[in-house]
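Contents: one structure, followed by commentary.
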Amino acid sequence: MLKKKVFVICCIAAFITALPVFAKEKTYNIAVFVPGIVKGSPTYELLVEGVQEAQQRMVKAGKKVSVKTVEGGFNQGEWQNGLTALALTKKYDIIVSSNPSLPAIAEKVLQTAPHQKFLLLDGYLAGNANIKTVGFNQYEQGYLNGYYAALLSTSAMKHANSAYKIGLLAGQEYPVMNEQIKKGYLDGAKAVNKDFELDFRVLGNWYDAAKASELAASMIKNKTDVILTICGGGNAGVVAAAREQGAYVMWFDFPGYAYGQDIILGSTEISQKSACTDAVIAFIEGRLTFGTPVELGVEDGAVGFAFEGIPASVPRDIIEKEKALVEKMKTGAIKVSAR
Ligand code: RBF
């Protein structure tokens, strides 16, 4: 009898001791490394929002997820060290980041921290078992943007002039900028009129709004009436110059109409936020495949034109022509490519 009692008590004690072990569920620790600063850079804002959205959804589904966001700053020479330091803490199940220079940097980090997993948006790398890239067809985004910019430039709108010239201000030069975005933008404009030329300028950083404003003013003097701005915090300077000097601005990556009412007349967009959310959820659920890059385009619904929010001053026929282009690219009736 006593033996039986002792046995039962032991069983209960063992069960109670084991309870916390059963209850202790894994916490997924995610680090977001922003190569720059978040504010003012559309792709980075979407990156952070995308991870937060994944966290919220997973927490609702009963998972434990922690997110730490680290801003790497504008000194690009420090990014590798910053990432290595994060990886060597061995705290993060995955480091999430974004821009075309990151895959090569992550490969170097892996030489010192071979355990680390990376999810890199807006970049491309095949064959590394620790790196997943999810990128976008930036030639297509440039093409959609340039076509609309050229339609504005050849319209009867107040600040449109007779020159077949559009502008692009880039934060810096890099292969995706030179070989895809810039080329797509000019090719899209040439589809409106083959005489279109590009006034291409480089800011030299991703923050200097005063210098961006000066460069934009000089472009406008040079008969550029529509400027695509891709220079992070510098974008605000381009909007200011266009407002003062009489020109229009095109936005990239995210519907930016609110940043320049009646100055920003068109915007392309990419599904950076939802692509990021989906990939982070797939990782937590153990479904994310590494080593196999994904590249999304117009046909996937991941690159498009932001029709919602276009100012009422834009002529209807411009919007209709752009819609027709998007439709044809979606169905494959028109195929555009950098090659
Ligand atoms: N885009 C930004 O909006 N802000 C940035 O700070 C920024 N830094 C970049 C740094 C490097 C090294 C590279 C290659 C690109 C950077 N971009 C930045 C551009 C961004 O990744 C993307 O190409 C553009 O937003 C167009 O989609």
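Reckoned from all heavy atoms, side chains included, excluding hydrogens, waters and symmetry mates. Throughout, numbering of the chain's residues begins at 1 and tracks the sequence. Indexing begins at 1, ligand by ligand and atom by atom, following the structure's order.
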- Are the side chains of Y259 and F254 in touch, meaning some heavy atoms are under 4.5 Å apart? yes
- Message: Tell me which pairs pass salt bridge (charged side-chain N to carboxylate O under 4.0 Å, His left out) where either residue lies in residues 121-150, with sequence neighbours left out.
- Response: none
- Output every pair passing ring-ring contact (aromatic ring centres under 6.0 Å, His included) with a member in residues 298-335, not counting sequence neighbours, ordered by first then second residue. Y148-F305, F305-F307
- Query: Restricting to pairs with a member in residues 306-323, which pass side chain to side chain donor-acceptor pair (under 3.5 Å), not counting sequence neighbours?
  - Reply: R316-E320
Write 'none' if nothing qualifies; otherwise put on separate lines each N/O atom of ligand 1 with a protein N/O atom under 3.5 Å away and their distance to 0.1 Å.
from     : atom 1 : to   : atom 2 : distance (Å)
ligand 1 : 3 (O)  : S41  : OG     : 3.3
ligand 1 : 4 (N)  : S41  : OG     : 2.7
ligand 1 : 8 (N)  : Y44  : OH     : 3.1
ligand 1 : 8 (N)  : W206 : NE1    : 3.4
ligand 1 : 21 (O) : D122 : OD2    : 3.0
ligand 1 : 23 (O) : Y174 : OH     : 2.6
ligand 1 : 25 (O) : D253 : OD2    : 2.7
ligand 1 : 27 (O) : Q138 : NE2    : 2.9
ligand 1 : 27 (O) : D253 : OD1    : 2.7
ligand 1 : 27 (O) : D253 : OD2    : 3.1

- Message: Tell me whether V48 shares a hydrophobic cluster with Y92, the cluster being built from Ile, Leu, Val, Met, Phe, Trp, Tyr side chains joined at under 4.5 Å.
- Response: no
- Message: If you define the side chain from C-beta out and look only at heavy atoms, does anything of W79 sit under 4.5 Å from N99?
- Response: yes
